[in-house]
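A quick write-up on the structure given underneath.
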Amino acid sequence: MKVTKKLIGLLLVLALALSALTGCAQTSAPVAADTSSDSAASDTAAAEPTEAAEAAEATEAAGIPLSEIKVGVVLNTMKEDGGWSQSHNASFLAAKEQLGLTDDQMIIIDNVPDTGNDCANTIEMLIGEGCNMIFGTSSGLTDAIHAEAKLHPDVYFHQFEGVPADNCASYSVRDWETMFLLGYAGAKLSNGDKLGFMAAQPQASVVRAVNAYALGAKYANPNATVQVVWANSWYDPAKEKEGATSMLASGINVLGYHGSTTAVAEACTDAGAFMSGFHIDMHDYAPTAVYSSHMWNWTPLYVEFINRAVAGTWTGEMLYMGIDSGCAQLAPWNTDIVSADLIAELNGVQAKLESGEIQVFGGPLSDNTGKEVLAAGAEFTNDQLIGMMFLVDNVIGQLPS
Amino acid sequence: MDWIVSVVAATIGYAAPVLYASLGEIISERAGVLNLGLEGVMLIGAVTGYITAVESGSLALAILATMLAGMLTGLVYAVLTVTLQTNQVVSGLALVTVGTGLSGFFGKPYTAVTGLEGFKNLAIPGLSQIPVLGPMLFKQNVMVYALYILVPLIYVFLYKTRPGLKLRALGENPGALDAAGMNVFGMRYLYVILGNAIVALGGAYFTLAYIPGWQDSITAGKGWIAAALVIFSSWNPAMATVGALIFGGVEVLGLRLQVLFPNIGIPTYFISMLPYVATVLVLILSTGSFRKHRKPGPAALGAFYDREAR
Amino acid sequence: MKIRFEKREKLHPVWKLLNPVICIVLALLACSFLVIAIGKDPVAAYGKLFSGGFGSAKKLSESILQAIPLMFCALGVSISFKMSINNIGAEGQYVMGAMAATGVALFCPWIPHALVIPAMIIAGFAAGALWAMLAVIPKAFWNVNETIITLMFNYVALLFVDFLLFGAWRDTSLNLNYSPAYPEYAMLPKVFGTRINSAIYIAIIAAVCIYLFFDKTTRGYQIRVIGSSVRAASYAGMNIRTNILIVMLFSGGLAGLAGVAQASGAVGRLQQNFANGTGYTAIIVAYLSKFNPFTVLIVSILFSGLSYGSVATQLVGVPDQVGVVIQGAILIFVLGGEIFSRNRLIITRREKETALAKKGATK
């Protein structure tokens, strides 16, 4: 036992020595960046952390020169996850391209668990690498982003659906506008009044999408109802496939979807049913089934934040963007499924959404237990939207109470 | 009726990967080697199969590669537990850790890569026309059909052949086999490697047939369920099939009930607990000491064979 | 050619020290081929790995913070493994502990503020202990294998916490399935300006107690005897059933404390998938430490540093899964290497072997 202890002490020393050694070796022989997948990862600790921080402080009023911007991103799942993180990763790379940032000016770290301490530790590492703008892309990272923002007043923090603070902005995309359109199209494609929806977990962002889909369906067909099935897991392809199959077996032929696996697309292809995709254009998963997909495009938001930091107009506020700015996007309508007439009709609805003539969550709204949740003419606050936990009256299914 | 047919058909599809893993584990445990690393082996099988299929375009090659990868994990595991005499519970856990990490490491570039055709559901002409049973049993994919052959095959091998008898003796009384001049170590190597090849197929079922596609930790804990099923089945492949179907049925029904009775009032979390609670209950009922004819498993299971201690 | 092992009488101390070192170096070497396989520089990757986990006082302190729940779980696991009870349910016991602590912190307003933390500790310990004991009742009374049952209990515990977080306990102000944040008085104090929380003292005290228990008390001796041979122990008149329950009381209780430490020391609320695999890593840590409580503390820090450092490997384009692979590889190599400290490797040529066999036959 004693020996093991000694050994581990020895190992620690060895590890430290090794790390010091390689740390030196690295600056002299940087590894070539792999531009295809992880171009964002910088290989050399180019900017001294203190320098960057001082620069940020000194030029706060005038903004940070574009060349001194260094963006650090924390993704909670893998950047190839076929969904959420993939969309953020792509948007950051697009923003980098658009603004002409170098590879060294953006570090994207993925697969950071959003529970526990890992996020805080990752942010510390990014700031240590010289990042002066930090982005947390998952709600789960909120606590860590807020805590770190307090510790690093010189760094601009951004948190998806967080709580704005002096140096912490919050942002989100009105995905309910695209989900409304997908629900509308779904109701038109359905062979009956009943549609289905395969959803991951009953979390507010998912609930919002289900509701918007149902409201869109109702807008197209006042009798439309939407059956929702929860997989109760963020990631269980087998369960999602089975959940989708169970709805299709009950005679439903159109499904809405909120998740990031290919499983529902498989089920729909097998059953000859239609579905809407989520996160990314899922057309390739099931060319005969996917009539369109909701896609995230965070680029306008990220470009806006970076531009504000450069111009010195950055403020810690909540920024919402929707279908009008292209942040909530639809994949091209699948013309094998959606007729030209329907597309024209959908374009009309889209124009009304963009102009604000249709408010997806406009009052009056009641939930599926018959309770009124929003009076006529009233609007939800940001907090109410972020924490939405009711199902609108034409959704069949329930939330945990 | 249609509803029942579709539930049963779905149950079979859902149970298949767990059954593959259970069958592999039965072989290995019958040889006296406990392998709790099923989850890791399945993941390695899943990722190997998928990468091979995507790169070569051949599903046959993918199955072959999956089995080879499984055999490789079996070889490593046999070296550890048979030759190096390590603790089998902890070694199994090590296999889970390494399998999860390795599959994630090499699978990363293949995550959400789509377009692979995979094994499609294939109606068998004639058989699938049988009323009720046809659409339940014979509109599945090739990997399910393979199980229709594999289960009886393993059953007959175990209970009706001489090598099967020896395999059972290997887990019960390796000392006697050794005394009879048989190579205990060699046989254990063989069966652990063979068992893991089958377990790996359970992983490939996800990436090649059920989904198809690769995502991190795609097996979502099914390997552990399989390990439990082996005990439930009393190391009998026929009973393992029943167990896998019960497990699949509970999972499938849990989801279907949401559609049938949307206002049932039972939180879905409790329905999701059912397979685990059922496993515990069945374990107690089938192996508890209050049973007169209980069969706690191969006598030499989990213990390394030490010639000197014979 | 044939390979066989022969028991060693005595082990040279240098060899005893070198054996695990060689195993770990071999594990690292084996994993470096992975990095090479994807066309990256292993030296750079390992550099980032170690400097990310241990490269500065701050990073080391972060690794220690991360290690605290792992320490508790691994201490708990090592107690049960010492009695040859394969408790792989630390994950669930951890979550149950965190759940109980959260219940006390948020939903028991009648407890005086100064007593909230002690109450959380007691509740967390009790919940973990109860969950663990429940899982071994079948073993204690009907001799049912505990390995799978403790595991199944993990899934049930996780789903139960999900049920609370997605329902009654959800913080309605967030788009998250988290409990509301703890009030300030339910948070453990920090240690000397670091983010490390004072639960580490409890972990150290627990380690000392475990050491004393097994080394100085009759009960501890009994448990060690049962661990090496149940049959011998029952011949000696030891009560196996009571000892199983006592061992799991402490094993589960310690894992429950991990939940308290993480919830009230670091995170400040209950989250979904709260343990995130710590309960499983704990088994590896316990085993690598040969169930020695002090070694457990150090190996926990080492493993937490590895997991933190693996995030940094992304900076040189190496997926962070390499950290998990290394953890598993170290275990495999150390497991495999153990036999060399107990035995001598003997390689004989075939002719010699047949001669030996003949000799054996005539004997």
Side-chain angles (χ1 to χ4, degrees), chain B residues 34 36 40 76 79-81 83-87 89-109 216 221 224-225 227-228 230-232 267-270 272-273 275-280 283-291 294 296-297 302 306-308, chain C residues 3-7 31 34-35 37-38 81 86 88 135 137-138 141-145 147-149 151-156 159-164 166-167 277 280-281 283-284 286-288 318-332 334-340 342-343:
Chain B
L34 176 71
L36 290 180
V76 171
V79 169
L80 279 174
T81 54
T83 303
L84 300 178
Q85 307 172 356
T86 59
N87 177 316
V89 171
V90 181
S91 305
L93 210 73
L95 205 55
V96 175
T97 312
V98 171
T100 311
L102 271 183
S103 62
F105 188 87
F106 285 112
K108 198 170 163 69
D216 217 20
W224 293 107
I225 300 282
V230 172
I231 305 179
F232 159 78
T268 47
Y269 298 94
F270 290 102
S272 301
M273 282 177 199
Y276 309 111
V277 177
T279 306
V280 170
L283 269 183
I284 296 171
L285 293 178
S286 61
T287 68
S289 58
F290 46 75
R291 291 205 20 166
R294 86 193 185 105
D306 188 350
R307 288 190 88 165
E308 291 169 35
Chain C
I3 300 168
R4 65 192 181 89
F5 292 102
E6 199 176 271
K7 289 243 154 49
C31 291
L34 288 184
V35 181
I38 58 162
F81 270 66
N86 296 321
I88 50 180
I137 282 178
F141 288 87
W142 312 299
N143 200 21
V144 177
N145 184 309
T147 316
I148 299 293
I149 294 187
L151 177 80
M152 293 294 117
F153 269 56
N154 289 346
Y155 291 106
V156 177
L159 281 164
F160 187 71
V161 168
D162 277 5
F163 162 69
L164 291 174
F166 280 83
Y280 300 108
T281 314
I283 303 168
I284 303 181
Y287 198 84
L288 285 179
V318 175
D320 57 310
Q321 280 90 346
V322 75
V324 181
V325 182
I326 290 176
Q327 291 186 353
I330 289 179
L331 179 61
I332 285 187
V334 170
L335 275 171
E338 249 171 24
I339 193 167
F340 297 99
R342 282 184 276 121
N343 297 279

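Order of the sequence lines fixes the chain letters, A, B, ..., with proteins taken first and strands second; residue numbering starts at 1 for each chain.
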Part of B/L80 lying under 4.5 Å from any heavy atom of chain C: side chain

query: Who among C/I330, C/N154, C/V325 has the most heavy-atom pairs with chain B under 4.5 Å?
result: C/V325

- prompt: Taking atom CG of B/L283 and atom CH2 of C/W142, what is their separation to the nearest 0.5 Å?
  reply: 12.5 Å

- prompt: Between B/N87, B/T81, B/L95, which shows the greatest number of heavy-atom pairs under 4.5 Å with chain C?
  reply: B/N87

- request: For C/A329 and B/V98, work out which heavy atoms get closest and say how close.
  value: N-CG2, 3.7 Å

message: Please identify, among B/V277, B/V90, B/T86, the residue contributing the most non-hydrogen atom pairs under 4.5 Å to chain C.
response: B/V90

- prompt: At their closest point, which heavy atom of B/F106 faces which heavy atom of C/A37, and how far apart are they?
  reply: CE2-CB, 4.3 Å

Heavy-atom proximity to chain C below 4.5 Å, by part of B/D216: side chain

task: Would you indicate whether the side-chain heavy atoms of C/I283 and B/V89 approach each other to under 4.5 Å?
output: no

message: Please classify the contact between C/I38 and chain B as side chain, backbone, both or neither, with a heavy-atom cut-off of under 4.5 Å.
response: side chain

query: Would you call B/L84 and C/L335 a side-chain contact if the rule is heavy atoms closer than 4.5 Å?
result: no

- prompt: Between C/G277, C/G337, C/P319, C/P138, which residue shows the highest count of heavy-atom pairs closer than 4.5 Å to chain B?
  reply: C/P319

message: Restricting to non-hydrogen atoms, name the atom on B/Y276 and the atom on C/M152 that form the minimum distance, rounded to 0.1 Å.
response: CD2-SD, 3.7 Å

message: Is any side-chain heavy atom of B/L93 closer than 4.5 Å to one of C/I284?
response: yes

- line: Of the listed C/T281, C/D162, C/D320, the one with the largest count of heavy-atom pairs under 4.5 Å with chain B is C/D162

- prompt: Given that the side chain runs from C-beta out, which part of C/N86 has a heavy atom under 4.5 Å from chain B: side chain, backbone, both or neither?
  reply: side chain

query: With side chains defined as the heavy atoms from C-beta onward, is the minimum distance between B/T279 and C/Y155 less than 4.5 Å?
result: no

- request: Can you tell which part of C/F160 gets under 4.5 Å to a heavy atom of chain B, answering side chain, backbone, both or neither?
  value: both

statement: Turns out that what part of C/A286 lies under 4.5 Å from chain B's heavy atoms comes down to neither

- prompt: Rounded to the nearest 0.5 Å, what separation is found between the CD1 atom of B/I231 and the CD1 atom of C/I148?
  reply: 4.5 Å

task: Name the region of C/I332, side chain, backbone, both or neither, that has any atom closer than 4.5 Å to a heavy atom of chain B.
output: both

Heavy-atom closest contact (C/I149 atom, B/I284 atom, distance): CD1-CG1, 4.2 Å

query: For C/Q321 and B/G101, which heavy atoms make the closest approach, and how far apart are they?
result: CB-O, 3.6 Å

field: Under 4.5 Å from a heavy atom of chain B, the part of C/I326 involved
entry: neither

field: Side chains of C/F153 and B/V280 in contact at under 4.5 Å (non-hydrogen atoms)
entry: yes

